[in-house]
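Quick notes on the structure that follows.
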Amino acid sequence: MQEIMPISQTGDEKLKAELDELKKEAAELRQRVAEAREHGDLKENGEYIYGRQNLSFVEGRLREIMGKINYSEVTDCTAAPLDTAGFGTVVKVRDLDSGREIVYQLLGPYDYDLTENSISILSPIGNALYGLSVGEKVSVSVPRGESNFEILEITASEFK
């Protein structure tokens with residue numbers, strides 16, 4: 001059985017918007033495939049073959065998104081408790097190896113975005129930071145080796 005994952009309201013809205021777009025695209029592809037089917041020999045009908053392949057891809061993505069929505073629980077990130085690093089919190093850490101300060105928002109696996117410095121609570125770093133308080137240090141095994149962090153600050157998220 002699949003575990004229910006937390007998701008931000010913003011992440012949930014993004015998934016639902018993508019779902020709507022994919023539904024429209026699937027309907028258009030079904031129409032094109034039906035029209036291509038009417039052209040005769042399906043074995044050598046490139047439009048039909050290509051359309052079926054695209055439709056299969058879109059339908060697979062639709063199932064994936066619906067699964068994420070069905071197995072997620074929307075959580076208000078702005079209301080996250082700030083005593084420990086948890087889902088929705090913004091955590092400022094110091095990389096003890098380089099001295100560099102990094103800010104991460106801890107989100108679920110369905111709505112993290114590395115380009116916006118948000119990481120999944122299931123990632124090695126997110127999992128290691130989860131549940132820690134300001135001042136605590138942690139060592140994390142990552143693909144490039146070992147990373148060591150100290151939590152400097154835990155703040156609330158600006159988006160839901």
Side-chain angles (χ1 to χ4, degrees), residues 1-30 50 52-160:
M1 187 170 132
Q2 191 169 354
E3 190 176 333
I4 301 294
M5 288 290 149
I7 189 169
S8 67
Q9 184 174 346
T10 303
D12 186 61
E13 290 168 2
K14 284 181 184 177
L15 283 179
K16 287 179 178 172
E18 184 178 355
L19 184 68
D20 289 342
E21 289 299 315
L22 287 170
K23 284 179 179 179
K24 290 176 191 172
E25 186 176 351
E28 291 172 8
L29 284 169
R30 282 187 197 97
Y50 180 71
R52 289 290 303 157
Q53 289 173 343
N54 279 344
L55 183 58
S56 292
F57 174 79
V58 169
E59 287 175 339
R61 183 71 179 144
L62 270 168
R63 284 189 297 277
E64 179 185 355
I65 301 262
M66 286 189 288
K68 287 179 177 183
I69 291 170
N70 290 336
Y71 288 98
S72 63
E73 180 180 351
V74 177
T75 304
D76 183 359
C77 293
T78 61
L82 303 177
D83 53 333
T84 61
F87 178 84
T89 60
V90 177
V91 182
K92 181 191 277 188
V93 297
R94 175 178 292 117
D95 182 329
L96 297 175
D97 302 319
S98 69
R100 190 173 62 129
E101 291 184 2
I102 309 165
V103 177
Y104 294 119
Q105 178 166 10
L106 300 179
L107 294 174
Y110 302 153
D111 62 335
Y112 73 93
D113 184 352
L114 294 175
T115 62
E116 295 182 16
N117 282 354
S118 61
I119 58 174
S120 170
I121 56 175
L122 300 181
S123 70
I125 294 173
N127 189 41
L129 297 175
Y130 195 89
L132 297 181
S133 301
V134 173
E136 289 190 85
K137 297 177 182 176
V138 67
S139 182
V140 183
S141 180
V142 293
R144 68 178 185 279
E146 202 70 21
S147 290
N148 300 291
F149 298 103
E150 177 183 8
I151 296 186
L152 302 175
E153 184 178 28
I154 301 172
T155 57
S157 173
E158 295 179 7
F159 74 91
K160 294 184 177 221

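Atom set for the values below is all heavy atoms of this structure, side chains included, hydrogens, waters and symmetry mates excluded. For the single chain, residues carry numbers from 1 onward in sequence order.
- In terms of heavy-atom proximity, Val58 sits nearest to Leu22 at CG1-O, 3.6 Å.
- The nearest pair of heavy atoms linking Ala80 to Gly88 is CB-C, 4.5 Å.
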Problem set entry | Verdict with reasoning, Val90 to Ile154, per side-chain contact (heavy atoms from CB on, under 4.5 Å) | CA-CA 6 Å; Val90 177; Ile154 301 172; over 6 Å; no

For this session: Would you sort out whether Lys24 and Glu28 count as a salt bridge (Lys or Arg N to Asp or Glu O under 4.0 Å), showing the intermediate values?
Result: CA-CA 6 Å; Lys24 290 176 191 172; Glu28 291 172 8; over 6 Å; no

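- For Arg61, the CZ atom sits in a packed shell: over 12 heavy atoms of surrounding residues, nucleotides or ligands are nearer than 6.0 Å.
- Separation of atoms CD1 (Ile4) and CG (Asn70) is listed at 8.5 Å; rounding is to 0.5 Å.
- Once rounded to the nearest 0.5 Å, the distance linking CG of Asn117 with CG of Leu107 reads 11.0 Å.
- The two atoms that bring Ser147 and Val142 nearest to each other are OG-CG2, 3.6 Å, heavy atoms only.
- Summarising the geometry, atom CD belonging to Gln105 is positioned 8.5 Å from atom OG1 belonging to Thr155; distances are rounded to the nearest 0.5 Å.
- Taking both residues in full, the closest heavy atoms of Phe87 and Cys77 are given as CE2-SG, 3.9 Å, listed atom of the first, atom of the second, then distance.
- Salt bridge Asp20/Lys16: absent, no basic N to carboxylate O contact under 4.0 Å.
- Contact detail for Val74 and Ser8: the closest heavy-atom pair is CG1-C, 4.3 Å.
- Shown here is Tyr104, whose OH atom has more than 12 heavy atoms of other residues, nucleotides or ligands within 6.0 Å.
- One finds a salt bridge joining Glu59 and Arg30 here, because a Lys/Arg side-chain nitrogen approaches an Asp/Glu carboxylate oxygen to under 4.0 Å.
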Problem set entry | Test side-chain contact (heavy atoms from CB on, under 4.5 Å) applied to Leu96 and Phe149, step by step | CA-CA 5 Å; Leu96 297 175; Phe149 298 103; 5.8 Å; no

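- Put simply, OG on Ser141 and CD1 on Ile125 are 10.5 Å apart, with the number rounded to the nearest 0.5 Å.
- Contact annotation: the side chain of Leu106 approaches that of Ile119 to within less than 4.5 Å [non-hydrogen atoms, C-beta and beyond].
- Between Glu150 and the options Lys92, Arg94, Arg100, a salt bridge (charged side-chain N to carboxylate O under 4.0 Å, His left out) holds for only Arg94.
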For this session: Would you please test Asp111 and Asp12 for side-chain contact (heavy atoms from CB on, under 4.5 Å) and show each step?
Result: CA-CA 8 Å; Asp111 62 335; Asp12 186 61; over 6 Å; no

For this session: Could you check Lys68 against Ile7 for side-chain contact (heavy atoms from CB on, under 4.5 Å), going step by step and ending with a plain yes or no?
Result: CA-CA 9 Å; Lys68 287 179 177 183; Ile7 189 169; over 6 Å; no

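- For the pair Leu62 and Leu19, the tightest heavy-atom approach, listed with the atom from each and the gap, is CD2-CD1, 3.4 Å.
- Between Ile121 and Pro6, the closest side-chain pair of non-hydrogen atoms falls below 4.5 Å.
- Looking only at side-chain heavy atoms (C-beta outward), Leu129 and Ile151 come within less than 4.5 Å of each other.
- The structure places CD of Gln9 at 8.5 Å from OG1 of Thr78, a figure rounded to the nearest 0.5 Å.
- Atom NZ of residue Lys137 and atom CG of residue Asn148 lie 9.5 Å apart, to the nearest 0.5 angstrom.
- Around CD of Glu146, the count of heavy atoms belonging to other residues, nucleotides or ligands within 6.0 Å exceeds 12.
- Panel note: side chain Ser120, backbone Leu122; a donor-acceptor pair is recorded below 3.5 Å.
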